[in-house]
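In what follows, a single structure is set out as C-alpha cells and then discussed.
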Amino acid sequence: MLDDTKTETLLEVNNIEVIYNHVILVLKGVSLSVPKGGITALLGGNGAGKTTTLKAISNLLHSERGEVTKGSIMYRGDRVQDLQPSDLVKRGVIQVMEGRHCFEHLTIEENLMTGAYTRTDGAGAVSADLEMVYNYFPRLRERRKSQAGYTSGGEQQMCAIGRAIMSKPETILLDEPSMGLAPQLVEEIFTIVKNLNENEGVSFLLAEQNTNVALRFAHHGYILESGRVVMEGPAAELRENPDVKEFYLGMSEDGRKSFRDVRSYRRRKRWLA
Amino acid sequence: SYRTGPFAAGGIAFADGYADYFTLLNERDGGIGGVMASVPECETAYNAEKGVECYEATKAEGALVYQPLATSITYQLIPKVEVDGIPLHTMGYGRTSAKNGEVFRHTFNYPVNYWDGASAGVNHFLDLNDGSLEGRKITLLHFNGAYGKEPIPTLEALAEKHGFELTTIAIDYPGQEQKSQWLQIRRERPDYILFWGWGVMNQVAVQEAANIGYPMENFMGIWWSGSENDVLPAGAAADGYKALAFHEMGSDFPVFDDIQTYVVDAGKAAGAGDQIGSVLYNRGLYAAFLAAEAAADAQEATGEPEITAAMMRDAMESLEITAQDMEDAGIPGFGPVFSVTCQNHGGDGLASVAQWDATAQEWSLISDFFPSDGEVVNALIKADSEAFAAENDITPSCD
Amino acid sequence: MLDEGYVTADGRQIGGVMMDMRGITLRFGGVEAIKNISFDIREGEIRAIIGPNGAGKSSMLNVISGFYNPQEGEVWFHGKRRPPMKPFQVARQGIARTFQNIALFEGMTVLDNVMTGRLTQMKSGMLAQAIWKGKAEREETANREVVEKIIDFLEIQAIRKTPVGRLPYGLKKRVELARALAAEPKLLLLDEPMAGMNVEEKEDMSRFILDVNDEFGTTIALIEHDMGVVMDLSDRVVVMDYGRKIGDGTPDEVRNNQEVIDAYLGVAHD
Amino acid sequence: MSADFLYGIEVIINGLMAGVLYALVALGFVLIFKASGIFNYAQGVMALFAALTLVGVMEGQVPFSHVINAVFGTEIHHFGWEVPALLAIFVTLMVMVLFAWLVQQLVFRHLVGQEPIILFMATIGLAYFLEGVGDLMWGSEIKTLALGLPQGGSLVVEDWTAGLGGDDFYGFFIDKLDMVATLVAIVLVAGLIGFAQYTKQGRAMRAVADDHQAALSVGISLNFIWVLVWSLAGLVALVAGVMWGAKSGVQFSLSLIALKALPVLMLGGFTSIPGAIVGGLIIGVGEKLFEYMIGPMVGGATENWFAYVLALIFLVFRPQGLFGEKIIERV
Amino acid sequence: MLYREAGDFKTSYPEDSQTFPIAFDRWRYWAVLAIAFLVIPFVINDYWASSLMVPFLIYAIAAIGLNILTGYCGQVSLGTGGFMAVGAYACYKLMTAFPDVNIVFHVLLAGGITAAVGAAFGLPSLRIKGFYLAVATLAAQFFLVWLFNKVAWFYNYSASGQINAPERFIFGTAVTGPSAPAWAQYLVCLVFVTFCAVLARNLTRGSLGRSWMAIRDMDIAAEIIGVNPLKAKLTAFAVSSFFIGISGALFFAVYLGAVEAGDSFGITKSFLVLFMVILGGLGSIFGSFAGAAFLVILPVFLKIIGVDVLGWPTEMVAHLQLVIVGALIMFFLIKEPHGLAQLWRLAKEKLRLWPFPY
Ligand SMILES: Nc1ncnc2c1ncn2[C@@H]1O[C@H](COP(=O)(O)OP(=O)(O)OP(=O)(O)O)[C@@H](O)[C@H]1O
Ligand SMILES: Nc1ncnc2c1ncn2[C@@H]1O[C@H](COP(=O)(O)OP(=O)(O)OP(=O)(O)O)[C@@H](O)[C@H]1O
Ligand SMILES: [Mg+2]
Ligand SMILES: [Mg+2]
C-alpha cells in the first residue's frame, strides 16, 4: 500500500463549483487530490456529482452546457481548466466515460485504435499495446471485427477501458467501470486496474457505486454527497467506518443483511445530523 | 426589382436601366415637366410575398405606376391595383389577357405580350419558309410554370392554322440539368425551337443546343431569353442564336451620351455602370421612357405638374408613342410605334428578331418591327379576359 | 413436476405457468445469441435471469416483449401460443418492462413519462382530446390519480415536474420502474434494475420490487448482476451462458451448480 | 439494333454521366456528415462560393468592390492583373481552408453535442450567410468560367457509333465535359475512400461522427477534424462548382445543385463515399430514363421529383440507403 | 415578487394540468388576447396587416403545425411548402366549386384534405427515420408542386396556371379579394390562429401528445411500452398537415390572393417554416409564435433600416440582409439551441428564484 504523504500529487482539485445550464448548481466546493501511482476512489450515491467531478477534470463539461465557476484544477502543478480535452489527453489524463460510449459504427479494433490517436511513438508500440489489451480482455479479441454497437454491455465496457489504455495514459479517470458487469468480470476489471497501477504505474481516479469492490482495491477514498465531500480517508479506514459499513457496504452489526429484510427498515445518516 | 436570388443576373441590368433613365431626366431636365421623379426600388428576389410587402409599403406614398418585373407578382397586384386605382405596367410579361382594358382597367402590358411573342416567332419562321410551315416540326421548350406555359394555347391555335406539328418540352425550375430534354430534341430534330426560359435555364439551354450541334439560327428565345448573360457562357458556340425583341439593342443612341455625362460621370449610376447598353439595360430604359412619356402626357392633359395615379392611368390609356417621341428622347427608332386605347392596353404587338454575334459579342436586330397574328391572338385574349371577368363579377366597360 | 404451483420458502403461494418459452433460438446474422432455450415463468413468482455479459439475457427479454422474433421456438402466454406480434401489442397484453440502458423519454417530465405508461389504458379519441373539456379531461384525471399513487409508492413526488434528462441515474431507474408499473402489468420485466446503484439505493429498489410483487401480485422477471440481490429476492433462477441455458432452479441449487460457478460466479457466493 | 433501343442506351449513358455530376456534389455532404453528423445544407452554396472565388481571382476582381464603392463612393473594380488558372485554383483552395477554419471557430465549435437538426439549421443559416457574402464579395452577375475545359458532344464517339443503328440513328451523344467530370470523380472518390478507411485521421473522423463526447475523451480534437473535413468538403465543392459552372456560367443557381444531390445521398446512404457515386449513377439513369419513357405521357419535367420518389422507394426497403451504415436499433 | 408558484396551490388534478398553472401567466395571456381581439383591429392599416400581422398569424399556424410533427413527434419534415400548396389548391377548388358555402368551411375542409394527403406521405416514416425522412419528405414537396403545375384541373384550366381567390364574405364583410379591409383579414386569421393554438395545446397535453413525444424521444422504447407507432406517427402527420393546410389556404385566399404553386410554395417556404419552429423552440407552442414573429419582422425591419434609414442601394441591403439573417440564425442557435421559448423559460426560472442566483 502506498504512503500518501510521501508521493507527489498528480492531480489536485481545489474547491470547485459547477453549474449546469447557468442555473443548476451541482458541485458546491469539491476538493480532492490524486497522488501519483495511487488508486483514488470517489464514492457516493446517485446524483452526488461524481460524474460531474470527473468531467470537470477532463474538461468535458462544456458540451453539456456546464461550467466550472469557482476553484481550480491543477495537473502536475499546472492549471488545466482552460485546456482542450485533447490537450489533457496529450498530458496523460484520459477518461473512461460512464455508460461506455463506444463508437457504435466502428469495429472493436477500430475503437481501440482511436485510443491511440494522440500517440506519436510509432505503429510498433501501438500494436504491442493492442496486443496487451487483447491479453487483458480475450473476449475483445474474439469480437474484434464486430461493430461495437452490436456487442453486449460488458463487451462495450471492456472496449471503453481498453481504448483508454491504448493512449498510454498516466492517469485514468474511470467512471463506474463495474456498472452492468457480471461479478466475475468486475473482479477481473479491478484486477486489471490493479495490475496497470502496479506494473505500469498508472494512477486512477475511480468513481464507483460498488463501494465494496472499490474500497478493496483503492488506496484512498472520498465520499461525495449532494455535491460536497462529506468524508475522506485511506480506504482501509473508510472500510471500517460504521456509517460507510451500513450505507455503502450493506453490512449490519451481524454481517451482511439480506435484501429481503429491508422492508420496514429506516435509516439515518449520522454525519448529516 | 430583384438583384438577388436565382434571377439576379437579369434583374440587375433592367433595374439599372430603369433607374438611370429617371436619374437622367432629373439631372438633365430637372425632372418631368419640372417635377423630380422618384423611383423607389424594392428588392423582391422574384418573390411574391416581398412584392406584396413592397407594394403595400409604397402605395401610400403616392406611387404613380408599378413595374413589378415578375409574372407572379403581377398576378397578385392585378386585383389590388383595381381597388387602389394605381396603374400597373407589365412590359412584355405578366398576364397577357390584361391587354383587354375593358376588364383590366389598371393593368397595361404594351407594347407586346407573350402571345404576340409566340405568334411573332411563328411569323418569323413563316418568313424563312416563304409563308408555309406545312409539315414542319416546331418544338416549344419552356419553363415549367406560369410564364413558360403562357404561349402554349397560342401556339396550338397557330399550329392548326399553319399546319405545323407542335411539341412542347418542359424544363423544371431551376433548369440546370437539361440533358434529357436535349437528347429528346436531338432525336426528334425539330425544324425550329421556340424557347421560353429565364435565369440559368437560358444559359444551359444555349450551351446544350451547341453541344448537340443544333443549328443556332433555328433556335429562338422569347425576349427574356435573349440577353448577353444567356449566350456568353456558351462562348463561340452560341453564335447565331436568335431571340425576339421589342426594342433596339446596343448603345448607339444619343441618350447614352447623356447618360454618360449626366449620370455615370456624375457618379449617380444606379448600379456598377457596367450594364449600360446591354439588352436588359435597354429594356429597363425603354420601360422608363414609356412611363416618363405617360407622365408627361398626364401633366399636359391636366395642366397640373403634380399628377396622381388616376391621371397617370388615364394618360397611359391614351398613350401614343410616335417616332418623334423617340427622337426627342434621344432614342430614335428604339421601339415600335404604337398607341394604347381603353380596349387595347397592349399596343400593337410589334416585335422584331435579334441575333447574337459571338465574335462581335453583340446582339443586333435582324428585322423590322412586325406585327403578330392579331386574329389568333386577340380571339384568345378575348376569351381569357372574359372568363376572368365572369369569375370576378366584372362588367367589361370603358368608362 | 410443479404443475399447480408451489409454495416458497417464505410461504407465498406461486401459481401455474404464465409464460412458457419453448426451444427459443435467436440469431443475428452469424451470431447465435440464444440457443434453444426453454424455461417458464409462473404466476406471482420472482424469476431471475443471470449469466455473464453477452450471454443473451437482454435478448431473451426482448423476445418476451416482442422486440425480437426468434427464428425458432414458441412463446406460450397464459396457456396459449402467442403468434408473432408487434411490441406494442405485447404491451397491451399486460407485459411491461424496464431497460438496461435507461430508455426514458428525455424531453418529458417525470410525470409525463409515467403517464406514458398508461397509454395502453387511455382510450379517448383524437376529437375528444382536441376539445379536451369533458371526456378527455375526465380520463386524464382518472389516470392521473393512478399515476400519482405509483409516484407516491416509489417516493418520487418531489421530482414530479422535473424533466428526466436532468435526473441522476438512480432516480431515472426508479422513474422507469414507475412507468412500467403505471401500465399495471401482469408480468414485469426488469433488465438490471440495480445497475449503477449503491447499497442504500439497492435496498430501496429491492423493497419496491418486493412490494410490487406482494401488493399487486405482479409476476416479475429480472436480470441482475448483483448476486446478493438475485439470491435474496428471487424464487427461481435461470442461468445463461453464451446463449445456452446452463442452470435453472432455486437460488440454492444454482449457486452450488459447478457449471454456473465456472461460467459466471467465479467463486461460490454465500 | 433498332434506333429506339440505341437511343435508350444513349439515355442511359448520359444518365450515368449526369449521375457523376450529382455525385460530385453529394460527396461533399457525405464527408461532413460522416465526420460530424452535420447535414451540411450549405454544400451547394459552398460550390457556388468556390467557383465565384475562382473566377474572381482569375480575373483579378477586387473583393467587395460593390460595397466599397457604395460606402466610400470610389470606383474600383479590378486589380488589373489576371491570375493563371492553376495558381487561382490554389488560392481558391486556401480561401476554402480559411473558410473551413472560420466556420469551425465561429459556429460549429459552439454547437458540439447539439441535436442533428439544430446543426442542420445552422448550416442553412450558413448557406444564407455565405450566399450573401459571395454576392457582396464578387457581385451577382453571371460569370464565365474560362478554364478551357473541353465541351460539347464528342464527335469521335458519335462517328464511331453512328453505324450501329439504321438511318434514324446519329450515333451516341456524349458530352466531353461529362467525361472529364467522370475522370475527376473517380480520382476524388478513390482518394477519399483511402483516406477514410485507412488513415488515422480517417478513423478519428468516423469516431467523431459516432459520439462527440467520447471522441473528445480519447483526445481527438474535434476542432482539427472538423476543419479538416470542412476543408475537404471545400475542395469537393470547388470541383463541383467548376464542373457545373462550366455548363451554365457561375451564378446563384449553382447553389441549387444541392437539391440534386440530396436524393443521391439518401439513396447511397449519408455516410458512404462509394454510396454517393452509386447513388448518383442510379438517380442519373433513373430520372433520365423515366423522363424519356414516361415523361412524355405525364407532361414532362419530372426530374425534380422523380429522383426523390425513386430514392424514397429504395429507402422503404433499406432505411439507411444502399451503403449507409446500418442504423443500430437496440434497447 | 408576483411570479411565484408558492402560494398558488392546486387542489385538483385538472387544475394542475391546466395550460398556465401560474396565475400571473394566466392573466398575461388573457391580456394579450384582449389586445389582439379588441384593440389591434381598430388601429390596423393595410401596410401593417399585409406586411406584418397577416403573414405573422398565417405562419404561426404553419409553425404550430410543423411543430407538432417535428417538435412533438420528432419527425423532421421539409414538405411544409407542398402541404401548404395542398391547402391552398384545395381551398381554391372548394371556393370555386361551392361558391355559396362560407369560406370558413372551405378553409377547414382544405385543412382536412391536407391532413389526408399528409398522412399518406407520412406512411414511409414508419421505416425511414431522421434525416433520411427529412429528405424523403422533399419528395412530397417536389411532387405536389409539380402536380399542381401540371394538372390543369387544379387551377381550373386558367391559361397561366395561377389561381386567384374570388371575393368571399363573412358576416357581410369581404375577407378575400382585393377590397377586403385590413382589419377583416387580420381578424379572420386571428380567429383561426386562436382556434389552432387551443387545439394544438389540447392535443399535446393529452395521451396523444404523450405518445408523440414518446416516439420523438425514443421510438423503440415507446413501442415496447405500448405506443402504436403507426398510429402515433400518422396522427402526427395528419394533425400537423391539418394546420399547415389551413395556413396554406389562408395564405392563398386571405393574404396573397393569387398564387402559383412553384413560386409561393417552393422549398424555401419549407425551410422558412422549419426555421420558425427551430428558432422559436421545438415542442413549444409559444415558440411557434415567437419564431414566426421573429422571421416575419426581421427582414422588414432590416429593409427599413438599410434602405429607408441608411439609404443604401437595395441590392446591397438585400445581400446584407441574407448575411445578417444567416448570421443571426447561427448566433441564436449557438446562444440557445432550444429556441426563443427556452430563453423565455430560463428567464422565468430566474425570475422565480429571484433575488437568489440559483
Ligand atoms: N447536463 C446536465 N444538466 C443539468 N443537470 C445535470 C446535468 N448532468 C448532471 N446533472 C445533475 O447533476 C447532479 C450530479 O450528477 P452526476 O452525474 O455528476 O452524479 P453521479 O454522482 O455521477 O451520479 P450517478 O452515480 O448516478 O452516476 C445530478 O443531480 C444531475 O441531475
Ligand atoms: N441487434 C443485434 N444485432 C447483432 N447482435 C446482437 C444484437 N443484439 C444482441 N446481439 C448480440 O447478442 C449477444 C447477447 O447480447 P445480450 O445483450 O442479450 O447480452 P446480455 O446477456 O444482456 O449481456 P449484458 O449482461 O452485458 O447486458 C451479444 O453477443 C450481442 O453482441
Ligand atoms: Mg455518474
Ligand atoms: Mg443485457
Side-chain angles (χ1 to χ4, degrees), chain D residues 33 39 41 66-67 70-71 106-107 109-111 114-136 140 259 262-263 265-266 269-270 298-302 304-313 315-321 324 327 329-331, chain E residues 70 74 76 78 121 123-124 126-147 149-151 218-221 224 267 271 274-275 277-279 282 312-313 315-316 318-335 337-339:
Chain D
F33 191 80
F39 192 93
Y41 185 74
H66 292 276
V67 187
V71 177
L106 298 178
V107 186
R109 198 162 64 105
H110 306 284
L111 287 171
Q114 290 304 337
E115 285 158 52
I117 176 143
I118 304 288
L119 297 169
F120 173 56
M121 284 290 118
T123 66
I124 301 182
L126 181 66
Y128 285 8
F129 181 81
L130 195 60
E131 188 189 320
V133 169
D135 280 352
L136 286 175
S140 48
L259 292 179
L262 294 183
L265 275 176
M266 187 158 92
F270 290 160
V298 295
T302 56
N304 266 1
W305 60 267
F306 180 75
Y308 284 93
V309 173
L310 182 70
L312 184 68
I313 293 169
L315 277 202
V316 170
F317 296 100
R318 261 188 86 83
Q320 71 276 31
I327 300 162
E329 291 198 329
R330 285 193 65 183
V331 280
Chain E
T70 303
V76 184
L78 294 175
F121 277 101
L123 277 174
L126 290 178
R127 292 274 297 165
I128 306 172
K129 290 176 184 162
F131 278 121
Y132 286 97
L133 179 66
V135 179
T137 53
L138 283 178
Q141 169 72 51
F142 288 114
F143 178 75
L144 289 170
V145 166
W146 176 85
L147 191 72
N149 230 328
K150 267 286 164 246
V151 181
M218 202 178 266
D219 52 352
I220 302 173
I224 292 178
I267 181 165
F271 279 132
L274 191 58
F275 264 137
V277 170
I278 298 213
L279 280 189
L282 285 168
W312 287 350
E315 115 224 42
M316 204 174 95
H319 290 152
L320 271 177
Q321 195 170 317
L322 275 178
V323 172
I324 293 173
V325 171
L328 270 183
I329 285 172
M330 291 187 282
F331 175 78
F332 265 105
L333 291 177
I334 290 167
K335 265 281 161 243
H338 299 291

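Just so it is clear, the structure is predicted and the values come from calculations on it, not from any experiment. We name chains A, B, ... by the order of the sequence lines, and we start the count at 1 in each one.
- Taking the six-membered ring for Trp and the full ring otherwise, E:Phe275 and D:Tyr128 have centroids separated by under 6.0 Å.
- What you find for E:Val135 and D:Tyr308 is that their closest heavy atoms are O-CD2, 3.6 Å.
- For the atom pair D:Met121 CE and E:Phe271 CZ, the distance stands at 6.5 Å (nearest 0.5 Å).
- Looking at D:Phe317, only its backbone comes within 4.5 Å of chain E, counting heavy atoms on both sides.
- Side-chain contact between D:Phe120 and E:Leu78 is present, with heavy atoms from C-beta onward closer than 4.5 Å.
- The most heavy-atom pairs under 4.5 Å with chain E, out of D:Leu126, D:Val133, D:Thr123, come from D:Leu126.
- A ring-centre distance under 6.0 Å is not found for E:Phe142 and D:Trp305.
- Between D:Leu312 and E:Ile128, some side-chain heavy-atom pair lies under the 4.5 Å cut-off.
- Only the side chain of E:Thr70 comes within contact range of chain D, with heavy atoms under 4.5 Å apart.
- Interatomic distance, CZ of E:Phe332 versus CD1 of D:Ile118, reported as 13.5 Å (0.5 Å rounding).
- For the atom pair D:Leu106 CG and E:Ile334 CD1, the distance stands at 8.0 Å (nearest 0.5 Å).
- In this structure, NZ on E:Lys129 lies 11.0 Å from CD on D:Gln320, to the nearest 0.5 angstrom.
- Note on D:Val107, D:Val309, D:Leu262: by heavy-atom pairs under 4.5 Å with chain E, the leading option is D:Val107.
- At a 4.5 Å heavy-atom cutoff, the contact between D:Ala122 and chain E is made by backbone and side-chain atoms alike.
- Shortest non-hydrogen contact noted between D:Arg318 and E:Arg127 is N-NH2, 4.3 Å.
- Of all the listed residues (E:Lys335, E:Lys150, E:Gln321, E:His338), the one sharing the greatest number of non-hydrogen pairs under 4.5 Å with chain D is E:Lys150.
- In this structure, the side chains of D:Ile124 and E:Ile329 stay at 4.5 Å or more apart for every pair of heavy atoms.
- Within the model, atoms CG of D:Leu111 and CG of E:Leu333 stand 6.5 Å from one another, a figure rounded to the nearest 0.5 Å.
- Of the two parts of E:Leu282, only the side chain, counted from C-beta on, holds a non-hydrogen atom closer than 4.5 Å to a non-hydrogen atom of chain D.
- Of the atoms belonging to E:Ile267, it is side-chain heavy atoms, and not backbone ones, that fall under 4.5 Å from chain D.
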